[in-house]
Amino acid sequence: MANVAVIGSQWGDEGKGKIVDWLSSRADVVVRFQGGHNAGHTLVIDGVTYKLSLLPSGIVRKSKLSVIGNGVVVDPWALLEEIETVRGKGVEVNPDKLMIAENAHLILPVHQVLDGALEKIRGKGSIGTTKRGIGPAYEDKVARRGIRVCDLRHPEILKEKLEQMVAHHNALLKGLGADTVNVDEIYSRLMAVADEVLSYTGVVWKTLDEARRQGKKILFEGAQGMMLDIDHGTYPFVTSSNMHAGQAATGSGMGPDAVNYVLGITKAYTTRVGEGPFPTEQDNEVGIFLGERGHEFGTVTGRKRRCGWFDAVMVRQAVKIGGIHGIALTKLDVLDGLEELKICVGYELEGKSLDYFPSSQVEQERVQPVYETVSGWKESTRGARSWAELPAEAVKYVRHVEELIGAPVTLLSTSPERDDTILMHDPFLG
Ligand code: IMP
């Protein structure tokens, strides 16, 4: 049996929640390895909707271990609030079901203040962050001034570290003309939740190593998508972590061979929230149609998502860079009823053809998509559970996508319901 990493292949919001939930019913351990509560995963199980941000999707299932790895940045108050919310829906959460890496970094209120202040000074060049403090928390981690979960066990060191961190940031906030933060207030708020957070803390790398040796199936749950990756995305309009499946190992404390199959979640069209280049964006009636039909509003911020045609060049790039073995194609039903569909198969930049998405911010803004037009289908694909239930043109579309991106469709999702899924290959078989 193989361990599987699930990563987004576009700009996030590809419908990972449902696929991860579907796979987690077969896994023993579900691990988050990057990002934080900027993510938003919606699960619909037996008609009940769960909106998860920081908790791994395995949490809604009995007898699964959910792990928040060291690569995640944890807002302790958001974590406890989310635990209470899912408990309110009848989900059991206890230290036997949830483990947080003791070396994960914390997001503190100062990071959210900085996130807001930095976005403000970026002005027109703002990233459109979720304002959850994700970027500033990762900055502190790399700057070696971050506070980790294990620091909560040692109040004296915690206070010292906090004073240094806040002194650093208050100087910046003052310079920006923003309100400064009070270190004593943050310290006492932290101490008020420390014991509860620590009750979930464990040595994740050891637990995962044991799980692996016992032949347990591990599912690594990525958040966001490859085009938001700090190295490979549309920098600087990206988030501050790596979505790349290699991060599943680094962000959980396992060797690179721990991931045997990489499943790229891919939406049958393209969306993006926040600012930044988006070559196939349709700021017209097509975009409105996709947004309304696909309910394209952010799970975390409620922001309207920008919508456009499927960009095969970008997904192919995500497949190659991310080492994606197969994709789960989602939301095919949103395209039902469109007479014609467009697929981006290349770009043009200043009279030259490109078969890849360039790295420069300027070139990413300037590329013009080259489209291929294919026939749509009138019939509904919603809820289909086998190939035979799909209209011929829909099957053609899926086959063409496979050819263009250079990866097979492993799973096809035809509605938000978990069982409305067509399985071509079981990722746990490797
Ligand atoms: P941050 O992660 O809050 O720093 O935001 C940086 C960029 O990533 C912004 O464009 C956000 O809209 C985007 N982003 C962050 N998390 C998600 C997500 O889960 N889905 C889609 N976009 C996201």
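Note that ligands are numbered from 1 as they come in the structure, with each ligand's atoms numbered from 1 the same way. Each residue takes its place number in the sequence, starting with 1.
Residues H425 and Y261 meet the side-chain proximity criterion, which asks for heavy atoms closer than 4.5 Å.
Pocket lining of ligand 1, defined as residues with a non-hydrogen atom under 4.0 Å away: W11, D13, N38, A39, G40, I127, G128, T129, T130, Q224, L228, V238, T239, V273, G274, R303.
Here E281 contributes atom CD and R306 contributes atom CZ; the two are 4.0 Å apart, rounded to the nearest 0.5 Å.
Just one of T410, L412, L263, I405 meets the side-chain contact (heavy atoms from CB on, under 4.5 Å) condition when paired with I327; it is I405.
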Distance-only donor-acceptor pairs under 3.5 Å for side chains of residues 221-228, two or more places apart:
from : atom 1 : to  : atom 2 : distance (Å)
E221 : OE1    : S57 : N      : 2.7
E221 : OE2    : H41 : ND1    : 2.6
E221 : OE2    : S57 : OG     : 2.7
Q224 : OE1    : Q34 : NE2    : 3.2
Q224 : NE2    : N38 : OD1    : 3.1

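Between the side chains of D140 and H169, at least one donor-acceptor pair of N or O atoms lies under 3.5 Å.
The aromatic rings of Y347 and F357 sit tilted, their planes meeting at an angle between 30° and 60°.
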